[in-house]
Amino acid sequence: MKKIILSGMRPTGKLHLGHLVGALSNWVKFQDDYDCLFMVADWHALMTEYEHPDNLKANMFDNVVDWLSCGIDPDKATIFVQSQVPEHLELYFILSLITPLGLLERCPTYKEQLRQVANRDLSTYGFLGYPVLQAADILLYKANAVPVGEDQLPHLELTRQIVRKFNHLYKTTCFPEPKAMLAETTRLMGLDGRKMSKSYDNYIALSETPDVIRKKVQSMITDPQRIRLTDCGHPDKCNVFSYYVTFFPLMKKEVLERCAKAKIGCTECKKELASKLIDLLAPIQEKRHVLLKDKQRIQEILSFGARRARVKAGATMQEVKELLKI
Ligand code: TRP
Ligand code: SF4
């Protein structure tokens with residue numbers, strides 16, 4: 001029996017290179033060795049975007065098209081939308097019964113978001129329960145492993161605590177304790193050197209046009225000590241170099257050498273990076289172009305995925321309800 005993997009993404013905007021190296025490229029690899037479920041976490045998006053839900057559906061659709069373009073295969077993995085499998089909310093409620101309030105209030109992601117997110121009111125009952133819904137996502141399918149970024153580790157730990165409490169209370173081994181699978185690659189820095197993120201507007205989208213890619217790459221911050229063409233560069237201090245390392249590791253030596261010996265100017269170096277990124281994204285964008293011609297098919301893939309997910313989710317709920325005498 002293959003191990004079960006579940007992961008999810010909130011449909012809050014376009015997918016970018018950070019998603020590709022941080023998640024999608026790994027998801028694609030997992031498909032062959034694990035029983036994979038990939039979920040659009042639209043309820044989770046709504047927990048923060050409830051005041052402006054207008055773009056959620058379009059983002060959801062756009063994200064799924066990107067998943068498929070990057071090689072997520074509906075014949076191998078179960079691709080579905082969280083809100084199309086009502087069991088998520090059902091288990092979320094049941095888990096909320098046993099989740100200690102203190103654990104949620106002390107959760108570092110919760111505290112951080114409350115402090116940092118200024119343009120939304122997150123002091124809601126729903127947002128406090130964010131990690132409980134995530135636990136439900138994972139446990140509904142009895143996932144053994146969850147590929148996530150480092151920022152999600154507290155949610156995984158909380159899920160494991162909920163599992164221990166549930167199994168103990170109802171004298172069962174119903175749920176396995178899921179393990180976090182951290183992405184191999186380090187997280188990708190955005191154009192400005194901060195983490196690549198939609199909210200910083202420092203990203204290169206997977207669907208970005210060549211012109212915009214060139215413009216964005218030219219705007220990247222380089223080694224600040226390299227002012228004239230004749231100054232030797234310090235690639236280790238340059239974000240452009242880190243892109244070469246991440247996306248074109250075979251070029252690492254060459255770029256390092258020509259930068260450190262001032263054989264190439266930054267404009268030229270960026271021009272080459274842009275053109276390589278354009279080539280890298282071309283097949284993904286080509287596939288995207290083809291997929292967008294048949295939107296009906298995307299809907300079919302999602303209903304097929306939801307049906308497949310519900311078979312498993314329903315079986316788990318039956319078990320849970322028996323344990324709770326409901
Ligand atoms: N909270 C995750 C994020 O923001 C998204 C998510 C929702 C998720 N449910 C999940 C990730 C279940 C892994 C497993 O990235
Ligand atoms: Fe960065 Fe390239 Fe300029 Fe070196 S030459 S500082 S690697 S952009």
Side-chain angles (χ1 to χ4, degrees), residues 4-13 15 18-19 22-23 26-27 36-49 63 80-83 85 88 91-92 107 109-110 113 127 129-141 143-156 158-159 178-183 187 193 197-199 217-245 248 251-274 276:
I4 301 164
I5 278 189
L6 177 134
S7 199
M9 270 188 210
R10 292 156 28 97
T12 51
L15 299 190
H19 294 109
N26 288 315
W27 288 13
C36 290
L37 298 120
F38 299 125
M39 179 190 78
V40 181
D42 55 345
W43 289 134
H44 276 110
L46 211 53
M47 281 175 169
T48 58
E49 311 302 304
N63 291 177
F80 71 101
V81 178
Q82 188 181 36
S83 65
V85 180
H88 285 256
L91 185 58
Y92 163 57
C107 184
T109 49
Y110 177 67
Q113 300 254 42
F127 189 62
Y130 186 106
V132 186
L133 179 59
Q134 189 164 344
D137 299 338
I138 297 165
L139 300 181
L140 207 43
Y141 306 98
N144 306 100
V146 184
V148 283
E150 220 171 328
D151 59 315
Q152 295 292 308
L153 289 180
H155 295 166
L156 255 291
L158 221 132
T159 303
K179 286 191 180 55
M181 283 171 113
L182 281 177
R187 69 179 170 185
S197 159
K198 178 191 74 95
S199 39
V217 171
Q218 277 307 330
S219 80
M220 285 172 75
I221 295 164
T222 59
D223 172 10
Q225 286 172 18
R226 198 165 182 222
I227 299 156
R228 271 155 296 159
L229 201 60
T230 48
D231 295 338
C232 292
H234 304 81
D236 51 315
K237 291 195 191 108
C238 176
N239 198 17
V240 173
F241 179 66
S242 75
Y243 274 56
Y244 275 107
V245 174
F248 313 106
M251 292 187 70
K252 180 176 170 180
K253 242 175 103 182
E254 179 192 337
V255 178
L256 197 113
E257 146 120 10
R258 68 190 192 192
C259 171
K261 294 191 179 158
K263 285 185 190 162
I264 190 176
C266 291
T267 308
E268 202 51 41
C269 185
K270 290 176 178 177
K271 219 184 243 170
E272 181 165 359
L273 175 66
K276 295 228 130 223

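We count residues from 1, following the sequence as given. Both ligands and their constituent atoms are indexed starting at 1 by order of listing.
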Closest contact, heavy atoms only, L140 versus L91: N-CD2, 3.7 Å

Expected output: side-chain D223 to main-chain P235 donor-acceptor under 3.5 Å: no

Residue contacts for ligand 1, heavy atom to ligand atom, distance under 4.0 Å: L6, S7, G8, R10, M39, A41, H44, Y130, Q134, D137, I138, V146, V148, Q152

Side-chain donor/acceptor of H44 to backbone N/O of Y130, under 3.5 Å: yes

Atom of M181, atom of A145 and distance for their closest heavy-atom approach: SD-CB, 3.6 Å

N63 versus R10, closest heavy-atom pair with distance: OD1-O, 4.1 Å

Test side-chain contact (heavy atoms from CB on, under 4.5 Å) applied to L158 and Y110, step by step: CA-CA 12 Å; L158 221 132; Y110 177 67; over 6 Å; no

Sole candidate of L37, T159, L6 that passes side chain to side chain contact (heavy atoms under 4.5 Å, CB included) when paired with D137: L6

Test item: Y244 side-chain N/O and L273 main-chain N/O as donor-acceptor pair under 3.5 Å: yes

Which atom of K270 lies closest to which atom of M220, heavy atoms considered: NZ-O, 2.8 Å

Under 4.0 Å from ligand 2, counting heavy atoms only: the protein residues, by chain and number: T222, D223, R226, C238, V240, F241, C259, C266, C269

